[in-house]
Amino acid sequence: TVSYIQISHSPYNTEFCMDIMMNYCNDMSYTHTVFPNILGHRTREEAEVGPEYLLVSVVHNLLNGECTPDIRMLGCSVLVPRCEKEKVLKPCRSTCEAVRKNCYHAFEGIEMAWPYFLDCDRFFVSDQEGCYDPLEGLRAIQEEGNTPEKPHTVIQFSYQSNAQMNSILKKTAARCPEIAMTYSIGRSVEGKDLLVIEFSNNPGVHELLEPEMKYIGNMHGNEVLGRQLLIYLAQYLCSEYLLGNRRIQTLINTTRIHILPSMNPDGYELAAAEVQDTIDPENEEAQNYNSWTLGRGNAQNIDLNRNFPDLTTIVYSRRRHRHFRSNHIPIPDAYWFGKVAPETYAVMKWIRSFPFVLSANFHGGELLVSYPYDLSKHPLEQKMFSPTPDEQVFKQIARTYADAHATMSEGNSGRCENFGSIGQDGIINGARWYSFAGGMQDFNYLHTNCFEVTVELGCDKFPAEEELYTGWKDNKEALLTFMESVHRGIKGIVKDADGNGIKGARISVRGIRHDITTAENGDYWRLLTAGIHILTASAPGYTRAMKKIHLPARMQKAGRVDFVLQKAVVEPDMEEDYRIPSMGTYEDFDPYNQFERYTISEQNQNREEGQEKPWWWSYFSHAHGSAPTWLLRN
């Protein structure tokens with residue numbers, strides 16, 4: 001039974017029930033409405049110029065087609081309420097609650113509050129009070145046999161502002177809350193979030209023996225394809241997981257993936273603005289965009305890939321020491337007296353906080369994968385082959401991406417003609433390509449357990465928008481295969497005799513002067529090539545344990561190698577051998593707290609001075625009447 005509300009005789013009513021005649025509400029299951037409406041708009045004209053109707057008209061674009069026409073029709077049921085026999089029928093609360101449950105995440109994803117006029121308790125009524133289903137017309141169409149299209153992943157291949165990028169990441173995480181979440185690792189000089197999206201079957205939690213990997217894009221603000229690929233990758237992982245793609249589900253269920261699409265959002269804004277000027281036909285003075293310099297650095301004009309501590313020089317100076325290992329090298333105090341960019345500081349804290357195993361950072365200007373070391377072992381040689389102790393492992397990592405890429409492994413030496421020969425088949429030792437100090441991939445290897453390579457995505461640093469789809473096609477398989485390769489080598493747990501995990505134990509491989517250490521609960525991962533290896537597990541206060549293993553060439557999963565260490569008294573002459581710089585205490589990082597203070601105070605001030613509205617705010621800021629601040633969250 002449907003109950004009716006008697007229409008009061010208002011001086012604004014020229015008639016009782018009238019035709020709807022509002023374009024975005026013309027497909028409702030009824031044809032007549034009444035004014036004043038439920039929101040108090042006295043006339044159709046008043047309703048049409050209000051922010052509520054404006055939202056209804058643009059919601060399809062705002063949500064990228066998600067939850068439409070449901071949201072639009074729900075809004076129309078309040079803006080143009082159903083009128084029959086000079087009485088108003090109110091929409092059902094149950095329909096509103098169902099739509100809110102299914103679509104709330106979409107509004108969260110674009111940082112928009114749930115619209116006040118879709119308040120299910122305020123403007124909708126219960127079944128017992130008598131109501132109608134505002135989506136009945138939509139359901140009638142579906143019941144007639146118009147089967148929906150088979151679900152598939154939809155990606156919009158276009159550039160986004162920083163605010164739009166963050167909205168996409170948050171919306172993606174909100175769409176897949178069971179496997180994704182976003183978190184910020186810090187802020188840029190101008191106060192922009194360095195936003196990471198994480199994928200895991202238990203997001204926010206490190207699970208025992210589950211390896212963690214990361215992707216970093218846009219370190220140089222004017223090298224943008226990597227930024228776009230990582231935005232697309234996040235959307236792809238979420239969508240394909242929901243669609244039942246077994247490969248993606250297996251990857252996410254067994255791996256913790258962290259994606260930072262833009263390490264340098266300030267530089268990107270500068271580069272994007274310059275590119276926009278060059279394509280403006282009316283701007284004749286800005287036709288010479290220098291993609292090699294503008295926007296490369298951050299807002300302080302610091303090149304972030306020269307701003308990390310130079311630990312490689314320390315390795316070269318001490319490599320002949322009997323006990324010296326090329327791992328977990330502490331940051332020299334002198335580093336903190338230089339200019340440390342907030343973006344660099346944030347990333348260093350980030351990679352110290354997670355047990356990352358594998359990483360890639362994305363650049364532009366060539367088509368290749370380079371791997372450590374980036375700094376030449378001879379100070380006067382700019383193109384000298386300078387391998388790490390893990391040369392064979394790094395070649396395997398680099399080859400994994402290059403071979404899975406559509407064209408990268410094709411042997412075109414110096415194809416972009418920017419730095420001379422690029423070596424063989426699309427991979428090269430970094431120092432052999434060109435030498436520099438303070439790079440991020442060397443820092444990852446020498447300061448943490450993480451093996452990082454640099455992926456150069458093409459000759460054009462800022463490709464035209466119509467080339468983005470091709471870039472995605474060329475790199476999609478490589479992005480997935482590289483993530484899967486984190487499961488190579490060995491993994492295991494180091495425990496004491498009571499079965500407790502030992503944090504900070506060392507795993508050594510004979511013949512490779514680079515150890516890795518165990519995580520919080522004693523688990524570890526060690527990337528290795530196929531073959532026979534002799535492993536040693538050690539920790540202060542315990543006896544050593546040794547095992548000989550054989551890794552088959554085509555092994556697709558990491559081999560499990562556990563160790564049990566017995567308590568022992570450390571002999572004095574072994575102290576130096578066991579002395580490993582700690583990675584677990586904050587005191588070893590920014591010892592004078594000068595950059596921590598900078599990130600808290602100065603960046604907050606920058607953020608307050610230039611508080612950024614969501615990217616969609618421009619839709620509504622010029623709406624009739626006061627700006628709809630009810631759309632802003634908090």
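For this chain, numbers begin at 1 and follow the sequence in order.
In this structure, Pro387 and Phe385 have side chains that are in contact, with non-hydrogen atoms separated by less than 4.5 Å. Inter-residue side-chain proximity for His487 and Thr254 is flagged as met; some heavy-atom pair is nearer than 4.5 Å. A heavy-atom distance below 4.5 Å is not found between the side chains of Asn521 and Ile493. Here the side chains of Ser485 and Leu358 are in contact, with some heavy-atom distance below 4.5 Å.
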- Task: Evaluate the side chain to side chain contact (heavy atoms under 4.5 Å, CB included) criterion for residues Met408 and Asp474: first the C-alpha distance (whole Å), next the side-chain angles of each, then the deciding distance (0.1 Å), finally the verdict.
- Result: CA-CA 9 Å; Met408 190 177 289; Asp474 288 348; over 6 Å; no

- Task: Check step by step if salt bridge (Lys or Arg N to Asp or Glu O under 4.0 Å) holds for Asp562 and Lys495.
- Result: CA-CA 8 Å; Asp562 294 337; Lys495 300 178 181 179; 5.9 Å; no

- Message: Run the ring-ring contact (aromatic ring centres under 6.0 Å, His included) test on His328 and His447 for me, step by step, so that the C-alpha distance in whole Å, both residues' side-chain angles and the decisive distance to 0.1 Å come before the verdict.
- Response: CA-CA 4 Å; His328 299 90; His447 192 62; 7.8 Å; no

- Task: Give the C-alpha distance, both sets of side-chain angles, the deciding distance and a yes or no for side chain to side chain contact (heavy atoms under 4.5 Å, CB included) between Ile231 and Gln160.
- Result: CA-CA 10 Å; Ile231 294 172; Gln160 293 85 23; 3.6 Å; yes

- Residue pair Ser188, Asn298: steps toward the side chain to side chain contact (heavy atoms under 4.5 Å, CB included) verdict: CA-CA 8 Å; Ser188 68; Asn298 72 347; over 6 Å; no

- Task: Show your working on side-chain hydrogen bond (donor to acceptor under 3.5 Å, both in side chains) between Thr313 and Asp310 and close with a plain yes or no.
- Result: CA-CA 6 Å; Thr313 296; Asp310 176 15; 2.5 Å; yes

- Could you walk me through whether Phe362 and Thr454 pass the side chain to side chain contact (heavy atoms under 4.5 Å, CB included) test, one step at a time? CA-CA 6 Å; Phe362 295 90; Thr454 298; over 6 Å; no

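Side-chain rings of Phe462 and Tyr159 approach one another, their centers coming within less than 6.0 Å. Between Tyr241 and Phe199, a ring centre-to-centre spacing not shorter than 6.0 Å is recorded. Aromatic pair Phe308/Tyr335: centroids not less than 6.0 angstrom apart. With ring centers used as reference points, His258 lies under 6.0 Å from Phe356. Aromatic rings from Tyr345 and Phe589 are positioned such that their centres are separated by under 6.0 Å. In this structure, Tyr445 has its ring center no closer than 6.0 Å to that of Phe443.
Ion pair Lys192/Asp266 flagged as a salt bridge, since at least one NZ, NE, NH1 or NH2 atom sits closer than 4.0 Å to an Asp/Glu carboxylate oxygen. Salt bridge status for Lys170 with Glu108: absent, with no side-chain N to carboxylate O gap under 4.0 Å. Between Glu111 and Lys171 there is no salt bridge, since no side-chain N of the basic residue sits under 4.0 Å from a carboxylate O of the acidic one.
In this structure, Tyr371 has no ring pair (Phe, Tyr, Trp, His ring centres under 6.0 Å) partners at least two apart in sequence or on a different chain. When the salt bridge (charged side-chain N to carboxylate O under 4.0 Å, His left out) test is applied to Glu210, no partner is found at least two apart in sequence or on another chain. In this view, Ala464 and Glu466, Glu467 satisfy the side-chain contact (heavy atoms from CB on, under 4.5 Å) rule, not counting sequence neighbours. Residues passing the side-chain contact (heavy atoms from CB on, under 4.5 Å) test with Ser435 are Leu375, Ser376, Gln382, sequence neighbours excluded. Residues satisfying the side-chain contact (heavy atoms from CB on, under 4.5 Å) test with Asn218, not counting sequence neighbours, are Val224, Arg227, Ser262, Tyr268. Looking at residues two or more places apart in sequence or on another chain, you find a disulfide (SG to SG under 2.5 Å) between Cys67 and Cys103. When the salt bridge (charged side-chain N to carboxylate O under 4.0 Å, His left out) test is applied to Glu178, no partner is found at least two apart in sequence or on another chain. Scanning for side-chain contact (heavy atoms from CB on, under 4.5 Å) contacts around Arg510 gives Ile534, Met546, with sequence neighbours left out. Taking the salt bridge (charged side-chain N to carboxylate O under 4.0 Å, His left out) definition, one finds that Lys395 meets it with nothing, sequence neighbours left out.
Arg399 and Ser409 get closest at one heavy-atom pair: NH1-CB, 4.4 Å. The two atoms that bring Ile329 and Leu311 nearest to each other are O-CD1, 3.7 Å, heavy atoms only.
Ring orientation note: the planes of His363 and His220 are nearly perpendicular, at an angle over 60° on the 30°/60° scale.
Among pairs with a residue in residues 522-534, those fulfilling side chain to side chain donor-acceptor pair (under 3.5 Å) read His206-Asp523, Asp390-Arg526, at least two apart in sequence or across chains. The salt bridge (charged side-chain N to carboxylate O under 4.0 Å, His left out) analysis of residues 441-453, with sequence neighbours excluded, yields the pairs Lys214-Glu452. Pairs passing the salt bridge (charged side-chain N to carboxylate O under 4.0 Å, His left out) check and including a residue from residues 242-258, sequence neighbours excluded, read Glu198-Arg256, Glu212-Arg256, Arg247-Glu477, Arg247-Glu484.
When atom types are taken as modelled, the side chain of Asn449 and the backbone of Thr517 share a donor-acceptor pair closer than 3.5 angstrom.
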